[in-house]
Peer 1: 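One structure coming up, written as structure tokens, with questions to follow.
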There are 2 protein chains.
Amino acid sequence: MATIKDVAKRAGVSPSTVSRALSGKVPVDKETRERVMEAVRALNYKPNILAKGLKEGRTNTIGLMVPNICNPVFPAVARGVEDVAREHGFTVILCNTDENIEAEKDYVEKLQKRWVDGFIFATAREESQHIFELKEKGFPVVLVVRHMGQAVDAVVIDNYKSSFEAVKYLINTGHRRICIINGDTSLTLYKERFEGYKHALQAAGLPIMPELVLDVAGRDDNGYGAVTAMLKKGILPDAVFATSDPRAIGAIRAIKDCGLSVPGDVSVVGFDDLDISAFLDPPLTTVSQPLYEMGARAARRLIDMINGEKSGQPKVELVEANLVIRKSVKVREH
Amino acid sequence: MATIKDVAKRAGVSPSTVSRALSGKVPVDKETRERVMEAVRALNYKPNILAKGLKEGRTNTIGLMVPNICNPVFPAVARGVEDVAREHGFTVILCNTDENIEAEKDYVEKLQKRWVDGFIFATAREESQHIFELKEKGFPVVLVVRHMGQAVDAVVIDNYKSSFEAVKYLINTGHRRICIINGDTSLTLYKERFEGYKHALQAAGLPIMPELVLDVAGRDDNGYGAVTAMLKKGILPDAVFATSDPRAIGAIRAIKDCGLSVPGDVSVVGFDDLDISAFLDPPLTTVSQPLYEMGARAARRLIDMINGEKSGQPKVELVEANLVIRKSVKVREH
DNA sequence: AAGGTTTGTACAATCGTTTGCATAAAATAT
DNA sequence: ATATTTTATGCAAACGATTGTACAAACCTT
């Protein structure tokens, strides 16, 4: 494990000269530089990032907080973050928080002390006071997928609009009894998707029927049970709007298990557009979120902040989500 | 950003005393310790991990190399790694390599210099010379999912056996023309799965028919195209053994798109048992890999190595995979 | 040829910890 | 009471890099 001193000795110069030859910020004699480089190669010298970080006050590392990497929306986001990070010489630390604010706080506390230069949170909740505090302290923070008002920079889709459009599409294709399988309504994101659903119905003069509003909570609950229960009670929607693709998959399974067909009896629309969604039976009509792109943008934004491009006001960036139409919705005549 | 000196000043002691009070390795007067602790609390002091790492020569960080976190087998592995790592006070750096050995080498070079204390590779290939070198240099390394002979510690399933059992199950349920959709055969893992397929066929006195052996390469290729092409040529298997669940999904879609039914005309067996696999149509019979457990075990092993429990000989740990039978296979009479 | 620049390099301090050594104070033994 | 051990603490060096300051040598200028 060669240090800068070893290189210096071999090149017959001082450590400072080695440092300068390597950084290139200060002129170094051409011939000296070559001797240094040759020594660097010979000893396979790589600077110790800890020492460098200690001196410079930064580590070129970012922390990425996700609820659970096993939730299929997050790998794509993580990938976007990592690709951009690497491009800029940054490294990514991955943290799963399981929606546990205390666990997240611990993690943040630990990483924040000179470990990481900034955070990307895909975990923001209304109660996430610590994110505000971080931001206020001047620590670089960007949110992705979920946002917190206008106070913190974020990269998200317009959940209200996407949901509105999806439900409007169902209405336009002749559906009247539209069920929604919603996620954890303590999350703004699902509140917004629910608002979109409600307003699309209202705009068309359709009533909101409580028996068609299904909430599922835990992370492993894809709605199979809730849909089955509804159907068994004899409540029959003509369409299901699932607020995630796994929930759409669960709904389809439940509908079929009750002897009904998709989309023959019940149409289904999902949300996410996972890799496999086009290959389901039927191929899923779903709202496509540009997850990779969102991760990439969030990372770019964060790195700009870290590099001191203080962008004054925080900005919530909206990226386009769009409904991709496949075969899980049937046009109904009345 | 309070340092140990600030704490020392506030508690009226020297930095060394603070360090000792905190580490607990050396006796410190009860009353002094309390003053220190109180100062720590008051200033919200957290040790600077960089400085600590620099001094101690370790960082309590591990590097996790995966081909691509978007491949659905890896999130579960990553989660297992991360949970165990956190339990032991370690942090995980996530790296996607896209099967690119050069990219991986760069990453490793960079991280290795005092950034991370060890590596978990889910990316091992036969050509991965650098992993051997790392191992030989005495750097802690554990493989997961893929292994490299007996030379490097690893946590894997018995791919040969699992594949053999899956195909044997198809044979026992009356299938005679069994197609395999295999992955990248430059990977030992897929070689082994292919061997299992071959030997199961041979053991039953069945021929290996080249037109039923489909190889798919790239990461986004789920075999939909290959299966469709085969079917269009009029080649009709009575079962498909897919070496991953996404490939099973692609195969099912292709079969149905050709107007055939699963499992009526063609049975399908997958490999992985993803979260959604039970909810497909038909619910997928598939080899279940304990991915989370594998990640967790790999992490435990690595941390033991880092902590100096030199386990002499490297050990390749086999974990149990088992076929979970659902509805994508039909029993056929002859 | 003498003074003034420029250029290249070395020295030493610094980042925030940990730890071996030295020492003072307290506890124990004689 | 003195000598000896134990206990608690401080000092200073070290980990491996970066960088401001200082100085020597080489280059100009007139």
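Keep in mind that the numbers below use all heavy atoms, side chains included, and drop hydrogens, waters and symmetry copies. Here is the naming used below: chain letters follow the sequence lines, and residue numbers restart at 1 for every chain.
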Peer 1: When every nucleotide of nucleotides 5-13 of chain D is labelled 5' to 3' by its protein contacts under 4.0 Å (heavy atoms), B for base, S for sugar-phosphate only, - for none, what sequence of letters results?
Peer 2: ---SBBBB-

Peer 1: Could you state the atom-to-atom distance from CG of Leu22(A) to P of dG8(C) in whole Å?
Peer 2: 17 Å

Peer 1: Could you state the CD-C1' distance from Glu31(A) to dT7(C), rounded to the nearest angstrom?
Peer 2: 15 Å

Peer 1: So, Lys137(A) and Glu133(A), do they make that salt bridge, N to O below 4.0 Å?
Peer 2: no

Peer 1: So if I take every side-chain heavy atom of Ala51(A) and compare against dT19(D), dA17(D), dT18(C), which nucleotide ends up nearest?
Peer 2: dA17(D)

Peer 1: Determine whether Asn307(A) and Arg58(A) satisfy the following criterion, side chain to side chain donor-acceptor pair (under 3.5 Å), listing intermediate values before the conclusion.
Peer 2: CA-CA 10 Å; Asn307(A) 288 338; Arg58(A) 66 181 270 179; 3.1 Å; yes

Peer 1: Check for a donor-acceptor pair, side chain of Arg86(B) on one end and backbone N or O of Asn96(A) on the other, with a separation under 3.5 Å.
Peer 2: yes

Peer 1: With sugar-phosphate meaning primed atoms plus P, OP1 and OP2, does Thr3(A) contact a base, only sugar-phosphate, or nothing at under 4.0 Å between heavy atoms?
Peer 2: sugar-phosphate

Peer 1: Could you check Glu102(B), Lys105(B), Gln112(B), Glu104(B) and say which one makes a side-chain hydrogen bond (donor to acceptor under 3.5 Å, both in side chains) with His130(B)?
Peer 2: Glu104(B)

Peer 1: Starting at CG of Leu50(A) and ending at C1' of dT17(C), how long is that distance when rounded to a whole Å?
Peer 2: 12 Å

Peer 1: Considering heavy-atom distances to DNA chain D, does Ser23(A) or Lys5(A) have its closest nucleotide positioned more toward the 5' end?
Peer 2: Lys5(A)

Peer 1: In whole Å, I'd like the distance from the CG atom of Asn48(A) to the P atom of dC15(D).
Peer 2: 12 Å

Peer 1: Indicate yes or no: at least one non-hydrogen side-chain atom of Val141(A) is less than 4.5 angstrom from one of Phe121(A).
Peer 2: yes

Peer 1: For the pair Asp29(A) and Arg35(A), find out whether any cationic side-chain nitrogen is under 4.0 Å from an anionic carboxylate oxygen.
Peer 2: no

Peer 1: Write down the distance between NZ (Lys52(A)) and C1' (dT14(C)), rounded to a whole number of angstrom.
Peer 2: 17 Å

Peer 1: Taking CD1 from Ile49(A) and P from dG16(D), how many angstroms apart are they, rounded to a whole number?
Peer 2: 14 Å

Peer 1: Roughly how many Å is it from CH2 in Trp115(A) to C1' in dG16(C), rounded to a whole number?
Peer 2: 14 Å

Peer 1: Report the distance from atom CG of Leu54(A) to atom P of dT17(C), rounded to the nearest whole Å.
Peer 2: 9 Å

Peer 1: Mark yes or no for whether Asp106(B), through its side chain, and Ala103(B), through its backbone, hold a donor-acceptor pair below 3.5 Å.
Peer 2: no

